[in-house]
Amino acid sequence: MLFACIVNDSKKSRRVIMEYNFNEIEKKWQAKWIESKAYSVPNQSPRPKYYVLDMFPYPSGAGLHVGHPLGYIASDIFSRYKRLKGFNVLHPMGYDAFGLPAEQYAIEHGVHPAISTEQNISNFRKQLDNIGFCFDWEREVRTCDPKYYKWTQWIFMQLFSSFFNRQKQKAEPISELIASFEREGNAAHPFPNEKFKLTVNGQLSTANSFGADEWLSFDETYQQAILMEYRLAYCGYGEVNWCEALGTVLANDEVVNGVSERGGHPVVKKKLRQWYLRITEYADRLLKGLEQIEFSDAMKEMQTNWIGKSYGAEIDFAVKSEKGNMPSMRVYTTRPDTIFGVDFMVVAPELAWVKEVTSAAQHDEVEKYLDYVNSRSERERQAEKKITGCFTGAYAINPFDGREIPIWISEYVLAGYGTGAIMAVPCGDERDFKFARYFNIPITNIIGSFYNGEEANPTKDATLENSGFINGMLMRDAIEVVIARLEEMGIGKRKVNYKMRDAAFSRQRYWGEPFPVQWQQGVAHTLPETDLPLLLPEVESYSPGPEGEGPLANIPEWVARELETNTMPGYAGSSWYFLRYMDPHNENEFCNRSVSDYWNQVDLYVGGTEHAVGHLLYSRMWTKALHDLGHIGFDEPFKKLLNQGMIQGSSRFVYRINGTNTFVSKGLLDGNDEYNGQKTDKIHADVNFVDGYELDIESFRKWRNGEYANGKFILEEDKYLCGSEVEKMSKSKFNTVNPDDLVNRYGADTFRMYEMFLGPVEVSKPWDTKGIEGVHRFLKKLWRLFYDEMKGWMVTNDAPTPAELKVLHKTIKKIEDDTERFSFNTAVSAFMVCVNELSELKCRKAAILEPLVIMLTPYAPHISEELYVSLGNTSSVLDAAFPTFNAAHIAESTKEYPVSINGKVRTTMHISVDAGQEEAEQLALANEVVQRWLEGKPVKKFIFVKGRMINIVA
RNA sequence: GCCCGGAUGGCGGAAUUGGUAGACGCGUCAGACUCAAAAUCUGGUAUCAGCAAUGAUGUGCAGGUUCGAUUCCUGUUCCGGGCACCA
């Protein structure tokens, strides 16, 4: 084999090529890749499939900073690696393009969201292309594209037209439910919401079951209202998180600490007509599914906590009120074993029956308390957790010992969870304990010495005392006994509860998918499929419509057609996009079944942890529903999830003396950032003109239209040194580093490898540009290994020596292992070691270099292509096979000896020795130590490394 | 408050199953090349003592298990993340 000489005649370009001209190389190969459609992926292949997916970005106006590509680079490396391993790899990219920022921008600047989104996307694309990703761009999806959201609307219609069959634990067409109602009423399928009561003759009844005859007697409108109670996507009135500033409702996961996740605006509870997804029906399957998928433990725990499954019982207590006969009150508890320790009851203030049981004497106080609760915002409730409450004057009766238990109301009990009422056991529950202490309610001790009178003890291991028929029993055993007795008495039953609520699915905004829903006399009907997509209409203004409705309510034609004026939330499009990538141009189906059967689950999903309880739960639910309805063949979307850490910004500060234009170097300030007793302002300086900590004063003067042009600088050692802090990377903090600049300066390959070299992908860390030189030097060194400045390309066809083979095969093994376990930083190190060793050996043999170049391809694809061609290959390195390592070259011979320690034989010792030249030495050493053991001579210390003994100390 | 995760040189980090702690890179020091600088190359670089060979100490802190612990166990401090009245 010979190497192709691409050295040009002109001296200039000869120099350029000699010096690893990454700019030229990268442009050249990127153009070739496009021309040859190198990354186009077929939907059929004799090769096994592998699906690598990135969480697609929201195309914001700010563009990419160095934090964004971290996950993309990791997934790109893994995709290329899998390709080289012989897989047909699907690695697509697209845009999550519906959302609030584009709409806010439209409100402020009057630019149509479609236009600003389009601009942002083309900017993103340019930035992504610079880095040399192997995305199959023919499969690009955009959630705001009508060709895409046609199918988001279609899936919505599937959810609308199905219900969750609890007996079979799966979604089924609503027609099955109707057939069942016509046959036997709702006996087999009770209302998902247990609190739902039928309305008979215009009166709310106490019944929540109906027979076939009744069903048939209901008019169409009422039948539809009942069906709505079952649909997987349904419309109803409910308390929602309303954000006035954003003019829309938010899902629970979009509210953080009582304010909106986006923008931090206040959020209040409001009763509104809303669309929901009945995700609660999937709670159990979402929980069970976690067992078969590879998410990090932290991620699984977050989802588990969010679902919040708990096992317990509902117990009915008779109520004694001065008003006479009262229906019993129902509480939910996970600890029925503590029933003899109940000293008071607490009811959520919102419950209507509170007023009914309140005694005359307590009436005013209760009213006062209810007013107080109403005046407290969600945020206040969360911020200051005061102990508050009020006695109602009524009592509940303990069914086992007849004790009268005072009924209180307090805001610490939530109306929305369980029955909205609890039995309080102060000796066992911290909140109940504090409440009892605060209001001087006597505390019954049922756990003997486990309770110290100072704090509650939630143990299950105590032996019960003062507990009637369960006296002397272990608490954890008593749980079942009590439930059995309650069921026997017909006043209680086993009950599982979930913290998770149904997901709010509508937004009063413009820039989202319109619902394919038309209202007729208050009944929602989906549009015929042939009318899809229901296009988002043009509007004149993006401001909200009347009565908390969205901008679509301002369009007369829209309203006249009685079309739904809400739009879908951001997570609608992202809940299924991984399916569309498989079959992105299909105009007849959301995704052809045989295609989705081929690609199946996403094998590796890469993205941040911030979507733990939002996107990742929703897309899991959609997948399960689509699977139940027979549209796809798997019910978990993502087999393995890799969470990349955040890259933080390392901000730089300059210090200006108050009221002056004088800047003082950081080292001259005291601990309070004061200079000779004068206070200073701490001002962000753009990190791009700070070298380490040293400010480039000239650039700083020119910054911000010369705002600081006349600044004076008090220097230390002729330098102005900045202060620093790690903060979130953001434009406003002037700590963003643009990948484009780095790619221009060092090349995409250096940039890619450096991002990986920073540390484990999963870990968050501040960005530091300094180290990039080291990786760049490595690539230059690699280049020089092939290219001698004086003699040109220097690759021979000589046979490699054992030492060279050992370097190669050691590296293959290491890179393969590291890549498989996503340890990209150590893999990059291994490349560096390999090239150092080969340089030392002056190894320029094609037999060694060629596999090295192929191995390098996932990490640095451009230089790999260039070198591969220079090695005389006509095909692309992208089509090569990842080298396999030859164990023989790095194998060791092993001998087995019995080893005794302290006089007794403890184990057999595998003593391995290098196949290399030190063999005799190693063996001698091994023999010596074993001999000593056998002779009983003391050896102070012997040292093994991976089963190989390397030293003894006599 | 509860639940996870982490703590290793001046810095980022490595040590995959309990086996020479500090790979690799940055920074830094010295040297080579150069009139000089840059670039490049070579060597040193955990700490303390010593000219050196070498010795002692060393993975947040205190203990434990083990022939041997960054790794396992118990306690503790600090940092990061998640959840937060879910009965």
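All of these numbers come straight from a predicted model, not from anything done at the bench. Chain identifiers are assigned alphabetically (A, B, ...) following the order of the sequence lines, protein sequences preceding nucleic acid strands; residue numbering begins at 1 within each chain.
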When rounded to the nearest Å, what value does the distance between [atom1] atoms of [N] and [M] take?
| N | M | atom1 | value |
| --- | --- | --- | --- |
| A32(B) | A38(B) | C1' | 16 Å |
| C2(B) | G9(B) | C1' | 36 Å |
| U34(B) | G25(B) | C1' | 28 Å |
| U17(B) | U70(B) | C1' | 15 Å |
| G6(B) | C61(B) | C1' | 15 Å |
| U59(B) | G22(B) | P | 14 Å |
| G13(B) | G75(B) | P | 28 Å |
| U76(B) | C24(B) | C1' | 34 Å |

Check every strand shown and say whether [X] touches a base, only sugar-phosphate, or nothing at a heavy-atom separation below 4.0 Å.
| X | value |
| --- | --- |
| P766(A) | nothing |
| N825(A) | sugar-phosphate |
| V413(A) | base |
| S823(A) | nothing |
| K814(A) | base |

Are any of the side-chain nitrogens in [X] or [Y] under 4.0 Å away from the carboxylate oxygens of its partner?
| X | Y | result |
| --- | --- | --- |
| D284(A) | K309(A) | yes |
| D817(A) | K813(A) | yes |
| E194(A) | K495(A) | yes |

Between atom [atom1] in [X] and atom [atom2] in [N], what is the gap in whole Å?
| X | N | atom1 | atom2 | value |
| --- | --- | --- | --- | --- |
| D429(A) | A87(B) | CG | C1' | 6 Å |
| Y412(A) | A84(B) | OH | C1' | 16 Å |
| R752(A) | G25(B) | CZ | P | 21 Å |
| E773(A) | C11(B) | CD | C1' | 16 Å |
| K309(A) | C83(B) | NZ | C1' | 20 Å |
| Y417(A) | C85(B) | OH | C1' | 12 Å |
| L779(A) | C24(B) | CG | P | 17 Å |
| Y438(A) | C85(B) | OH | C1' | 16 Å |

I'd like to check the ring pair (Phe, Tyr, Trp, His ring centres under 6.0 Å) partners of [X]; sequence neighbours left out, ordered by chain and number.
| X | result |
| --- | --- |
| H809(A) | H889(A) |
| Y859(A) | F831(A) |
| F435(A) | F344(A), W408(A), Y412(A), F439(A) |

To the side chain of [X], which of [options] is closest?
| X | options | result |
| --- | --- | --- |
| A298(A) | C4(B), A87(B), A23(B) | C4(B) |
| K770(A) | A87(B), C26(B), A23(B) | C26(B) |
| R784(A) | U40(B), A14(B), A87(B) | U40(B) |
| K781(A) | C41(B), A87(B), G25(B) | C41(B) |
| K765(A) | A23(B), U40(B), G13(B) | G13(B) |
| K780(A) | C24(B), A39(B), U16(B) | A39(B) |
| T826(A) | A15(B), C26(B), G12(B) | A15(B) |

Counting Watson-Crick and G-U wobble pairs with both distances under 3.5 Å, what is the dot-bracket string for RNA chain B, 5' to 3', using [ ] for crossing pairs and | for pairs to another strand?
(((((((..(((......[....)))((((((.......))))))((((....))))..(((((..]....))))))))))))....
Ring-plane angle category for F822(A) and F78(A), please: parallel below 30°, perpendicular beyond 60°, tilted otherwise.
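The rings of F822(A) and F78(A) sit tilted, inter-plane angle from 30° to 60°.
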Is there a side-chain contact between [X] and the phosphate of [N], meaning an N or O under 4.0 Å from OP1 or OP2?
| X | N | result |
| --- | --- | --- |
| N836(A) | G25(B) | yes |
| R777(A) | C41(B) | no |
| T609(A) | G82(B) | no |

Could you check L758(A) against R821(A) and say which one's nearest nucleotide on RNA chain B is further toward the 5' end?
L758(A)
In terms of the nearest nucleotide of RNA chain B, which residue is placed more toward the 5' end: Y754(A) or L414(A)?
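That would be Y754(A).
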Which residue pairs pass the salt bridge (Lys or Arg N to Asp or Glu O under 4.0 Å) test when at least one of the two sits in residues 829-843 of chain A, sequence neighbours left out?
K810(A)-E837(A)
So which pairs with a foot in residues 761-779 of chain A pass salt bridge (Lys or Arg N to Asp or Glu O under 4.0 Å), sequence neighbours left out?
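Residue pairs with at least one partner in residues 761-779 of chain A: D691(A)-K770(A).
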Syn or anti: how is G9(B) classified when any glycosidic angle within 90° of 0 counts as syn?
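Glycosidic conformation of G9(B): syn.
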Is the ring centre of Y754(A) less than 6.0 Å from the ring centre of W767(A)?
yes
